[in-house]
Protein chains: 2
Amino acid sequence: MGRRTAELVLGAPDDALCCGVVTTAPLSESDAKRLAGILGALADPVRLRLLSIVAAQHEVCSCDLEAPLAKSQPTISHHTKVLAEAGLLVGEKRGRWVWWRIEPARLAEVRQALGA
Amino acid sequence: MGRRTAELVLGAPDDALCCGVVTTAPLSESDAKRLAGILGALADPVRLRLLSIVAAQHEVCSCDLEAPLAKSQPTISHHTKVLAEAGLLVGEKRGRWVWWRIEPARLAEVRQALGA
DNA sequence: CTTACGGATTGACATCCATCGATTGGTCGA
DNA sequence: TCGACCAATCGATGGATGTCAATCCGTAAG
């Protein structure tokens, strides 16, 4: 087999949040719930900084997040999981390491849902 | 005096969230905290639906939110306060009623902070 | 095989938060 | 002045959540 392990998509929700726009018409209860979930994933200082670090470097290993974020390894793992489940981050396991990268489309969806 | 009470701006933060963009460079700790605060105000199904209802009607009285949101009066009051403190909603007290309207600029700031 | 290392999971703990009943404060109509 | 109505505040409560130590699981190196 090749050197790199097969791509392991860690928590990739295929449900596109193609719901109504907040400023257009009243949101349905389910749409509001889904959008709130993704916004909840974003509403944390550590996760926002994590995202910005990954975005600035295109690809980042989990082990390289512990230091700049000044958080323990389980805490980093917890936050990456939350962001991945929200579809904002995608992780690829290569050997012992997991490399994370941003999902720009997901962020664009959130921006669109937030207004015109 | 006139018929309408003097404009009472209820919780209007003048601090512009002109911080870095998430996808551009690593966020500072303070910028991340401030942005997370506003996103936290948005990360609730009831508040998202509240926002969308106000946006759809340009101006809404608090008493007209209780029914469509199916929440008690103290709960509605709580949520409008949170949104107002985040700068997303502006309230004007006229007589016994409080009329709420959206602050589109604030929402635009959030969208911009969330990506290019 | 054994060791070392990166990462996920579990459990515990403290804190925050959404919700509502009860109360209080204003404002208008009778 | 009194009673009705709208809204804010207070206090309590149940649930969600960020954090870390301890542990477990895979993988690569020796």
Side-chain angles (χ1 to χ4, degrees), chain A residues 1-11 29 32-33 36-51 54 59-67 69-86 89-100, chain B residues 1-11 29 32-33 36-51 54 59-67 69-86 89-100:
Chain A
M1 68 178 89
R3 179 165 296 108
R4 56 178 52 186
T5 313
E7 172 123 5
L8 250 182
V9 183
L10 309 173
E29 217 156 326
K33 200 169 180 179
I38 300 179
L39 288 169
L42 286 169
D44 180 276
V46 176
R47 287 197 285 268
L48 283 176
R49 296 184 62 217
L50 196 159
L51 270 186
V54 174
E59 228 181 18
V60 174
C61 171
S62 287
C63 56
D64 290 330
L65 291 169
E66 211 165 319
L69 294 175
K71 290 284 177 286
S72 70
Q73 179 267 320
T75 298
I76 300 295
S77 182
H78 165 67
H79 286 309
T80 52
K81 181 178 183 176
V82 171
L83 288 170
E85 285 177 344
L89 222 52
V90 173
E92 185 182 345
K93 190 176 176 104
R94 293 208 282 263
R96 307 187 254 200
W97 297 275
V98 176
W99 293 88
W100 299 99
Chain B
M1 68 177 84
R3 180 163 295 110
R4 55 175 53 183
T5 314
E7 172 122 6
L8 250 181
V9 183
L10 309 173
E29 216 154 325
K33 201 170 181 178
I38 299 178
L39 288 170
L42 286 169
D44 181 276
V46 176
R47 287 197 285 268
L48 283 176
R49 295 184 63 216
L50 196 160
L51 270 185
V54 175
E59 227 181 19
V60 174
C61 171
S62 286
C63 55
D64 290 331
L65 291 169
E66 211 165 320
L69 293 175
K71 290 284 178 287
S72 71
Q73 180 267 320
T75 299
I76 300 294
S77 183
H78 164 67
H79 286 308
T80 52
K81 181 179 183 177
V82 171
L83 288 170
E85 285 177 345
L89 222 52
V90 172
E92 185 183 345
K93 190 177 176 100
R94 293 207 284 264
R96 307 185 255 201
W97 299 275
V98 176
W99 293 88
W100 299 100

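The figures here come from the full heavy-atom set of this structure, side chains too, leaving out hydrogens, waters and symmetry mates. Residue numbering restarts at 1 for every chain, and letters A, B, ... go by the order of the sequence lines.
- Around the CD atom of A/Glu59, the shell of radius 6.0 Å holds more than 12 heavy atoms that belong to other residues, nucleotides or ligands.
- Annotation: the span from B/Lys71 atom NZ to B/Ser77 atom OG amounts to 15.0 Å, rounded to 0.5 Å.
- Between the P atom of D/dA7 and the CD atom of B/Glu92 lies a distance of 13 Å, rounded to the nearest Å.
- Between the C1' atom of D/dG26 and the CZ atom of A/Arg94 lies a distance of 17 Å, rounded to the nearest Å.
- A straight line from CD1 of A/Ile76 to P of C/dC5 spans 20 Å, rounded to a whole angstrom.
- Between A/Lys81 and C/dG7, a side-chain N or O to OP1/OP2 separation shorter than 4.0 Å is absent.
- Separation of atoms OG (B/Ser62) and NZ (B/Lys93) is listed at 9.5 Å; rounding is to 0.5 Å.
- Atoms NZ (A/Lys93) and P (D/dA28) sit 9 Å apart, rounded to a whole Å.
- Note on A/Ser77: a base of the nucleic acid sits closer than 4.0 angstrom, heavy atoms only.
- Rounded to whole Å, the distance from CG on A/Asp64 to C1' on C/dG6 is 11 Å.
- Rounded to the nearest 0.5 Å, atoms NE2 (B/His78) and CG (B/Leu83) are 9.5 Å apart.
- Within the model, atoms CG of B/Leu42 and CD1 of A/Ile38 stand 13.0 Å from one another, a figure rounded to the nearest 0.5 Å.
- If you measure from atom CZ of B/Arg96 to atom P of D/dC6, you get 7 Å, rounded to the nearest angstrom.
- Taking the C1' atoms of five terminal pairs at each end of the helix from C/dC1-D/dG30 to C/dT27-D/dA4, the two resulting helix axes are inclined by 20°, rounded to 10°.
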Quiz item: What does nucleotides 14-20 of chain C look like as a protein-contact string, B for base, S for sugar-phosphate only, - for none, at under 4.0 angstrom between heavy atoms?
Solution: ----SBB

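- The distance from atom CZ of B/Arg96 to atom SG of B/Cys61, rounded to the nearest 0.5 Å, is 11.0 Å.
- Of the options B/Ile76, B/Leu69, B/Thr75, a side-chain contact (heavy atoms from CB on, under 4.5 Å) to B/Ser72 is made by B/Thr75 and by none of the others.
- To the nearest angstrom, P of D/dA8 lies 11 Å from CG of B/Leu65.
- Here the P atom of nucleotide C/dT27 and the CH2 atom of B/Trp99 are 17 Å apart, to the nearest Å.
- A distance of 11.0 Å separates CZ in B/Arg49 from CG in B/Asp44, rounded to the nearest 0.5 Å.
- Of the residues B/Val98, B/Val54, B/Val60, B/Leu50, the one that meets the side-chain contact (heavy atoms from CB on, under 4.5 Å) test with B/Thr80 is B/Leu50.
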